K.L.:
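Quick one: the structure is below, and I'll ask about it shortly.
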2 protein chains.
Amino acid sequence: MPRIVDHASRRQDFIRAACETLLEEGYANTTVRAVAKRAGFTTGALVHYFGDKDELIRRALDYFGTEQRERMLRLERELEGRAALRAVVADALPTDLDSQRRWRIWMALWYHSEESDQMRAEQKRRYREWLGRISRMLEQSVKLGELPASVEIRAEARAMVAFVDGLGVQFLMANSRLPAAKILAMLDTYLNRLYAKP
Amino acid sequence: MPRIVDHASRRQDFIRAACETLLEEGYANTTVRAVAKRAGFTTGALVHYFGDKDELIRRALDYFGTEQRERMLRLERELEGRAALRAVVADALPTDLDSQRRWRIWMALWYHSEESDQMRAEQKRRYREWLGRISRMLEQSVKLGELPASVEIRAEARAMVAFVDGLGVQFLMANSRLPAAKILAMLDTYLNRLYAKP
DNA sequence: CCCTTGTTGTAACACTTGTTATATAACGAA
DNA sequence: TTCGTTATATAACAAGTGTTACAACAAGGG
């Protein structure tokens with residue numbers, strides 16, 4: 001009976017607008033008004049699709065996560081063991097403008113998960129997934145004989161994640177002046193040591 | 001003629017209050033009103049000692065930096081080479097409640113240096129210092145014969161800093177549930193590989 | 001054609017922020 | 001004591017926030 005509009009797709013429009021705003025204006029400037037405007041609406045429309053701002057932001061961050069996960073799953077399917085690990089981690093590392101913006105989002109998420117319980121939960125979930133993914137590739141390396149069975153999978157995964165996150169931070173702090181080649185060289189040095197025959 | 005009050009020491013009072021507020025309430029809740037109240041005054045008094053809020057915050061962060069630097073210099077003086085590196089990095093790693101709070105501040109600083117040019121400058125300066133400190137200890141290791149001359153000092157320092165920063169992030173995300181022993185074990189694994197005889 | 005129902009825009013609300021203006025209090029010099 | 005200067009408190013201001021209330025609108029069914 002009433003005016004017909006695809007609820008789900010309109011929601012997606014707002015989520016996309018929120019993503020763009022986050023990337024281009026930063027977290028602090030991502031207000032409901034700004035997002036609504038970018039989507040071509042006003043706050044009146046936006047609030048019909050999201051309970052509150054936090055939900056909108058969480059959906060947007062979810063969108064980033066999904067994108068990244070899909071890229072990684074693709075790499076994981078095509079490769080295995082050390083090669084897969086190398087590819088997945090290299091994809092996560094900040095090597096171009098796009099990943100630089102992704103890292104800005106991550107940092108904002110880290111920071112704000114201090115305040116919002118829901119966000120912290122979401123963030124923990126994502127970390128677990130990320131650790132699990134790396135752990136699985138390390139286990140595969142053990143099965144393939146690339147790594148000795150004595151390697152402590154969980155600790156190694158944690159260390160790897162720390163390495164990646166730290167490089168992300170440094171990249172942002174260095175005003176993105178860290179050349180991709182250097183970052184990848186550091187990754188290879190790291191992997192060479194991890195995979196060194198004892 | 002006028003009422004006498006030690007300008008410098010009163011300033012320090014406010015700076016200390018700002019530090020405490022940052023640590024206990026977090027960056028977002030560190031308002032001029034909150035800091036003034038904690039110092040036992042109101043905003044009217046505070047603004048007589050600082051041009052604006054940004055200056056106050058920068059002074060407070062400076063205070064943290066100075067504290068940490070002094071601790072590190074002490075360790076650097078007492079030890080040398082690998083032992084010094086291990087001690088300094090272990091001190092920086094998040095192993096107790098105090099360092100946890102310090103890491104919260106660091107993350108806030110990272111995040112907000114996206115917006116304030118002055119803060120970003122301050123932050124860059126601190127990173128350079130931190131990289132320089134580690135580089136010097138690595139060079140000392142080379143001189144002591146602990147490391148081969150072929151090691152790429154700058155890249156290794158960067159990797160080390162990344163490792164530390166990443167662990168700091170993970171510590172915060174894990175709700176400080178990462179036991180100190182595990183973190184130190186990861187550091188030692190890292191150092192063992194770096195200092196392994198080829 | 002009208003009416004119902006979901007959509008959207010407008011505007012107000014309540015609150016918080018940093019900053020500024022101004023009044024009051026304190027204290028030493030004259 | 002009185003005055004002048006400074007320190008401090010109080011209060012207002014302007015801007016910006018998320019949220020809410022409400023009116024206007026659109027479009028398909030009767």
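Each chain gets a letter, A, B and so on, in the order the sequences are listed, and its residues count up from 1. The shown structure was predicted, so the numbers you read here are calculated from the model rather than taken from an experiment. Note that these values count all heavy atoms, side chains included, but never hydrogens, waters or copies made by symmetry.
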K.L.:
Say whether, by atom type as modelled, one donor and one acceptor occur between the side chain of B:Ser141 and the main chain of B:Met137 under 3.5 angstrom.
P.N.:
yes
K.L.:
What are the residues of residues 8-28 of chain B, sorted by number, that bring a heavy atom to within less than 4.0 Å of DNA chain D?
P.N.:
B:Arg10
K.L.:
If a pair satisfies salt bridge (charged side-chain N to carboxylate O under 4.0 Å, His left out) and one of its residues is in residues 155-165 of chain A, list it, with sequence neighbours excluded.
P.N.:
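Sorted result for residues 155-165 of chain A: A:Glu156-B:Arg193.
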K.L.:
Residues from residues 44-57 of chain B sitting under 4.0 Å of DNA chain D, heavy atoms only?
P.N.:
B:Gly44, B:Ala45, B:His48, B:Tyr49
K.L.:
Given the rule that a pair is Watson-Crick or G-U wobble with both distances under 3.5 Å, how would you write DNA chain C in dot-bracket, using | for pairs to a different strand?
P.N.:
||||||||||||||||||||||||||||||
K.L.:
Is it true that a side-chain atom of B:Ser99 and a backbone atom of B:Arg102 form a donor plus acceptor pair closer than 3.5 Å?
P.N.:
no
K.L.:
What pairs meet the ring-ring contact (aromatic ring centres under 6.0 Å, His included) rule with one or both residues in residues 53-102 of chain A, with sequence neighbours excluded?
P.N.:
none
K.L.:
Please collect all salt bridge (charged side-chain N to carboxylate O under 4.0 Å, His left out) contacts where either partner lies in residues 137-153 of chain A, sequence neighbours excluded, each pair once.
P.N.:
none
K.L.:
Scan the side chains in residues 103-112 of chain A for donor-acceptor partners under 3.5 Å anywhere in the protein, sequence neighbours excluded, and list what turns up.
P.N.:
residue, atom, partner, partner atom, Å
A:Trp103, NE1, A:Ala92, O, 3.0
A:Arg104, NE, B:Glu114, OE1, 3.1
A:His112, ND1, A:Ala108, O, 3.0

K.L.:
How many whole angstroms separate atom NE2 of A:His7 from atom C1' of C:dT7?
P.N.:
10 Å
K.L.:
Which pairs count as ring-ring contact (aromatic ring centres under 6.0 Å, His included) when at least one residue sits in residues 120-140 of chain A, sequence neighbours excluded?
P.N.:
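Applying ring-ring contact (aromatic ring centres under 6.0 Å, His included) to every pair that reaches into residues 120-140 of chain A, excluding sequence neighbours, yields nothing.
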K.L.:
Taking only residues at least two apart or on different chains, which pairs with a member in residues 174-195 of chain B satisfy ring-ring contact (aromatic ring centres under 6.0 Å, His included)?
P.N.:
B:Phe163-B:Tyr190
K.L.:
Which residues, if any, of residues 30-43 of chain B bring a heavy atom under 4.0 Å of DNA chain D?
P.N.:
B:Arg33, B:Phe41, B:Thr42, B:Thr43
K.L.:
Which pairs pass ring-ring contact (aromatic ring centres under 6.0 Å, His included) with one or both residues in residues 69-99 of chain A, sequence neighbours excluded?
P.N.:
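Qualifying pairs: none.
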K.L.:
Does anything in residues 179-192 of chain B pair up under salt bridge (charged side-chain N to carboxylate O under 4.0 Å, His left out), and if so which pairs, sequence neighbours excluded?
P.N.:
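As it turns out, the salt bridge (charged side-chain N to carboxylate O under 4.0 Å, His left out) pairs with a partner in residues 179-192 of chain B, which skip direct neighbours, are B:Arg86-B:Asp188.
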K.L.:
Can any side-chain N or O of A:Arg101 pair as donor or acceptor with the backbone N or O of A:Leu23 at less than 3.5 Å?
P.N.:
no
K.L.:
Could you walk me through whether B:Asn29 and B:Thr21 satisfy the side chain to side chain donor-acceptor pair (under 3.5 Å) test, starting with their C-alpha distance in whole Å, then the side-chain angles of each, then the deciding distance to 0.1 Å, before giving a yes or no?
P.N.:
CA-CA 8 Å; B:Asn29 298 327; B:Thr21 311; over 6 Å; no
